[in-house]
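Everything below concerns the one structure shown next.
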There are 2 protein chains.
Amino acid sequence: MARRSDSLSRDRIVAAAIEVLDAAGESGLTFRVLSERLATGPGAIYWHVANKGELLAAATDAVVVAALTEEPASGSPQDRLRAVALGLFDAVDEHPWMAAQLSAGAWQAGGPRIVEAVGRQVRALGVPPRDWFVTATVLVQYILGAAAQNAANARSAGPDTSREEMLDAMATRWEALDPQEWSFTRTVGDQMRHHDDRDQFVAGIDIAVAGIAALYPAS
Amino acid sequence: MARRSDSLSRDRIVAAAIEVLDAAGESGLTFRVLSERLATGPGAIYWHVANKGELLAAATDAVVVAALTEEPASGSPQDRLRAVALGLFDAVDEHPWMAAQLSAGAWQAGGPRIVEAVGRQVRALGVPPRDWFVTATVLVQYILGAAAQNAANARSAGPDTSREEMLDAMATRWEALDPQEWSFTRTVGDQMRHHDDRDQFVAGIDIAVAGIAALYPAS
DNA sequence: ACCTGAACACCGTTCAAGT
DNA sequence: ACCTGAACACCGTTCAAGT
């Protein structure tokens, strides 16, 4: 018996949730809004999904799967690590509501998938097996943490002020700080004003790769 | 005119909020609960604090300030960087509700303070001035991201199951994954089972420090 | 098995009114 | 200037009742 194509299913609910989240953010995802879009009552959703947390986790997982399957299998381990990392970075940038889910850690939501994709490059990089877990986890924590923070920054600008205006305002504030108490922050205001988020993110990957190469020579 | 010591003030509100957050988590912090503890009405709080978001940011900032002032000023830059990082890590571990705030990024809540504390060590490490901002920001993103994910993990165990039980259950699940699709994750299950969170966190700092040393020799 | 939709027990926030 | 507390417009979630 083929199911009516417009009947409810977990997948349809998750897909609709992603659309609502992209359009209105996490606070905009409501069981009432969602059930209206799906032409049902709020209670119907609970037959397929346990609660809002599970729905958010499922939505995150779906986006992570999509981001990781785009990954190309060519190039050096370094290049592929960068590609995996940037794929996740861009996914979080496009779906900022994922940030809160992903900072819930590597063993939730899309966690294991990310560990697998990153870990394969760690292995290819020549890290000795006994340090696979730590190394992969450190990279995953950096990737997810940086992506989450970046998405939050982008969102905090709001639709009214541009990224440039926000950065400029903040840089100006940093530059006006007391030179004694803020001797470092004060001097990097201008670098913040002109930085590129993606370049900054990749710089972190490159530091990690350099560190891994230094800690595990030979190869 | 000295104010009555039991009158409301922003500081008293923030202090009470931290107590409630520590005891009941973010979802336990309610304007009703908070006003009851402060012996007022919910509306009174709004005279001192704009909204719940501002209250959470203020609470986070207060904890960050406390965590950073404990920092000792002795030792090598590497040691001091580790000390700053661990101070923040432990603070987030004790106050897990901070995680969500901190993954909102380095330029919110306690952000600049953290940039300052970390940046000073970056400077002392001999990183050339033109790369101060990127390097410090990468470290801050790792520190906050890793701390947030760790706190979320610790919390996800719940009061019923112990950390060990949770790790063991998850490791067993990883080890049972399909060897083709999960060739990496599968093999690190046992390392996950026996890892130490703090050591794992410090390993990330050490990778970054090694990377910085490799990228900027001389000194 | 799956869906309906009213109802419950909450929330954050506002605001007229008080002192 | 600061506080009160009722009221508003929501939420997530449940559950008897339907098909």
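Letters go in sequence order (proteins before strands), and every chain restarts at 1.
The base-pairing partner of C:dA1, taking Watson-Crick or G-U wobble contacts with both distances under 3.5 Å, is D:dT19. Using the Watson-Crick or G-U wobble rule with both distances under 3.5 Å, D:dG12 pairs with C:dC8.
For the pair B:Ile45 CD1 and C:dC11 P, the interatomic distance rounds to 13 Å; values are reported in whole Å. Put simply, CD1 on A:Ile13 is 11 Å from C1' on C:dC3, counting in whole angstrom units. What separates CZ of A:Arg32 from P of C:dT4 is a distance of 15 Å, to the nearest Å. The interatomic distance linking A:Leu34 (CG) with D:dC10 (C1') rounds to 17 Å, in whole Å. Protein atom OH of A:Tyr46 is 17 Å distant from nucleotide atom P of C:dA6, rounded to whole Å. What separates CD of B:Glu36 from P of C:dC11 is a distance of 11 Å, to the nearest Å. In this structure, the NZ atom of B:Lys52 is 15 Å from the P atom of C:dC10, given to the nearest Å. Atom C1' of nucleotide C:dT4 and atom CG of A:Leu8 are separated by 12 Å, given to the nearest angstrom.
A salt bridge links A:Arg120 to A:Glu116: at least one charged side-chain nitrogen sits closer than 4.0 Å to a carboxylate oxygen. Of the charged side-chain nitrogens involved, at least one lies within less than 4.0 Å of a carboxylate oxygen, so that A:Asp197 and A:Arg163 count as a salt-bridged pair. Look at A:Arg10 and A:Glu54 and you find a salt bridge, because one of the NZ, NE, NH1 or NH2 atoms lies within 4.0 Å of a carboxylate O, short of that distance.
Here the side chain of B:Trp47 is nearest to one of C:dG12, D:dC11, D:dC3, namely D:dC3. In this structure, the nucleotide among C:dC3, D:dC11, C:dT13 sitting nearest to the side chain of A:Thr30 is D:dC11. Residue A:Ala44 places its side chain closer to C:dC3 than to any other of C:dC3, D:dC11, D:dG5.
Projected onto DNA chain D by closest heavy-atom contact, B:Ser9 and A:Ser27 fall at different nucleotides, the more 5' of which corresponds to B:Ser9.
At a threshold of 4.5 Å between non-hydrogen side-chain atoms, the residues A:Val115 and A:Phe133 do not count as touching.
With ring centers used as reference points, B:Phe201 lies under 6.0 Å from B:Tyr142.
Rounded to a whole angstrom, the distance from the P atom of C:dC2 to that of D:dA17 is 22 Å.
Across all strands shown, B:Leu29 has heavy atoms under 4.0 Å from sugar-phosphate atoms exclusively, and none from any base.
In this structure, A:His48 does not reach the C:dA1 phosphate: none of its side-chain N or O atoms is under 4.0 Å from OP1 or OP2. Contact annotation: B:Thr40 side-chain N/O to D:dC3 OP1/OP2 distance is not under 4.0 Å.
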